[in-house]
Protein chains: 2
Amino acid sequence: MLAENGYSATSLAAIADRLGVSKGVISYHFAGKAEVLNEVVRSVLSEAEAWMSPRVAGAASFTEALRLYIASNLAFLDTHRTEIFALTEVLSNARATPGVAETFSESHQAAIAALEALFTGGRKAGEFGDVAPRASAISLRAAIDAVSGLIREDPAFDLTGFGTDLATLYERASAR
Amino acid sequence: MLAENGYSATSLAAIADRLGVSKGVISYHFAGKAEVLNEVVRSVLSEAEAWMSPRVAGAASFTEALRLYIASNLAFLDTHRTEIFALTEVLSNARATPGVAETFSESHQAAIAALEALFTGGRKAGEFGDVAPRASAISLRAAIDAVSGLIREDPAFDLTGFGTDLATLYERASAR
DNA sequence: CTACTCTTTGGCCATGCGGTCAGAATCCAA
DNA sequence: TTGGATTCTGACCGCATGGCCAAAGAGTAG
């Protein structure tokens with residue numbers, strides 16, 4: 001519902017209606033609307049984590065890890081569009097939903113830290129040049145995060161092509 | 001009000017109250033709330049345009065243009081935080097406000113197209129290597145757009161440092 | 001001073017929201 | 001079969017929203 005009709009159209013009444021159930025059921029099982037939305041965020045984030053972890057783990061070098069990270073993240077976005085749209089819809093209105101901002105921020109910080117570690121690791125191993133790890137991590141994550149908006153506007157957007165271009169871009173930027 | 005208290009707290013009643021004026025005044029001067037919010041978007045976008053244009057125009061090379069583009073854009077974000085926060089607040093809820101999505105999308109497409117032209121120009125002039133113009137344009141804009149969120153979370157975020165790092169990153173990526 | 005237009009007021013409306021609750025229905029173990 | 005616990009219903013509450021409008025007020029040209 002979030003993905004299809006947006007945040008403001010996703011009222012408790014609308015949710016209950018869609019479930020073919022009375023509104024009170026939601027109140028019975030959840031403390032409130034905020035808890036429902038937080039659960040949406042939590043579940044999508046954990047899905048993403050479960051998808052990416054094993055795919056990046058198999059990298060034999062930092063360069064390969066970078067490629068795998070980008071490719072697997074974009075693949076997740078591609079194959080989980082509804083979830084991603086729902087997530088962004090909730091995040092857009094995070095101010096109206098206590099807890100959501102904190103949950104996501106934590107996860108987002110962790111993602112940036114992981115990428116930063118990848119860049120510093122590559123530098124220490126002599127695989128990368130003197131790239132700025134934090135700025136690279138931030139900007140790469142921003143580029144990936146922007147993709148959800150791109151595929152929303154143009155569902156046919158070439159994710160794979162963008163992924164390889166992005167990987168090449170950061171590979172060159174961090175080359176020795 | 002948008003920047004301080006967020007979209008959902010910015011009702012017509014709250015706006016009128018802040019102006020020390022009756023609610024009907026807004027209805028008298030605007031067709032509806034959507035028109036008010038569209039005006040916010042329109043005005044911030046045109047402010048940004050007015051700020052950036054002259055600053056980028058003076059570039060003597062594509063490399064310099066790239067640096068100036070990034071630096072001036074970040075300087076605008078830095079010095080117009082309230083406007084930027086207000087803008088993002090409206091954009092976050094674009095689905096609830098007809099017209100906003102279209103206005104912004106148009107401006108955003110134009111910005112990406114301009115950056116793409118910068119990269120292709122640099123290539124044709126032999127200044128840049130075989131960088132992917134579109135992917136570079138998209139990812140660079142994403143990196144810059146993400147800054148509004150960064151300074152919201154951490155007002156002391158080092159924008160200048162990030163700007164030079166970002167410029168260096170894209171310079172290296174597009175080097176011959 | 002008058003007469004007309006423009007602007008503002010303050011109360012009103014219908015609507016939809018999140019949330020509550022008494023009571024009905026259902027489930028399930030003893 | 002029974003009886004207590006769990007789950008669900010549908011009506012209801014208070015509240016805030018965007019919008020509307022008759023009437024009062026302010027401004028201004030002749």
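On a predicted model such as this, the values are computed, not experimentally measured, just so you know. As a basis for the values below, the full set of heavy atoms in this structure was taken, side chains included, without hydrogen atoms, waters or symmetry mates. Chain naming here is simple, since letters A, B, ... match the order of the sequence lines and numbering starts at 1 in each.
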Interface with DNA chain C, restricted to residues 13-24 of chain B and to heavy atoms under 4.0 Å: B:Val21, B:Ser22, B:Gly24
Could you tell me the separation between the [atom1] atom of [X] and the [atom2] atom of [N], rounded to a whole number of Å?
| X | N | atom1 | atom2 | answer |
| --- | --- | --- | --- | --- |
| A:Phe30 | D:dT7 | CZ | P | 13 Å |
| A:Leu12 | C:dT15 | CG | P | 21 Å |
| A:Glu35 | C:dG19 | CD | C1' | 14 Å |
| B:Ile26 | D:dT17 | CD1 | C1' | 13 Å |

Distance below 4.0 Å between A:His29 side-chain N/O and D:dC8 OP1 or OP2: yes
Side-chain N,O (A:Tyr28) to OP1/OP2 (D:dT7) below 4.0 Å: yes
Side-chain touch A:Phe62/A:Phe119, heavy atoms, less than 4.5 angstrom: no
Lys/Arg-Asp/Glu bridge criterion (N-O < 4.0 Å) met for B:Glu127, B:Arg176: no
Any side-chain donor near an acceptor of the partner, A:Glu47 and A:Ser43, under 3.5 Å: no
A:Glu106, CD: over 12 other non-hydrogen atoms inside 6.0 angstrom: no
Sugar-phosphate, base or nothing in reach of A:Ser11, heavy atoms under 4.0 Å: sugar-phosphate
Hydrophobic cluster membership, A:Leu140 vs B:Ile112, 4.5 Å side-chain cutoff: yes
Under the side chain to side chain contact (heavy atoms under 4.5 Å, CB included) test, residues paired with A:Asn73 that sit two or more places apart: A:Met52, A:Tyr69, A:Leu77, A:Arg141, A:Ile144
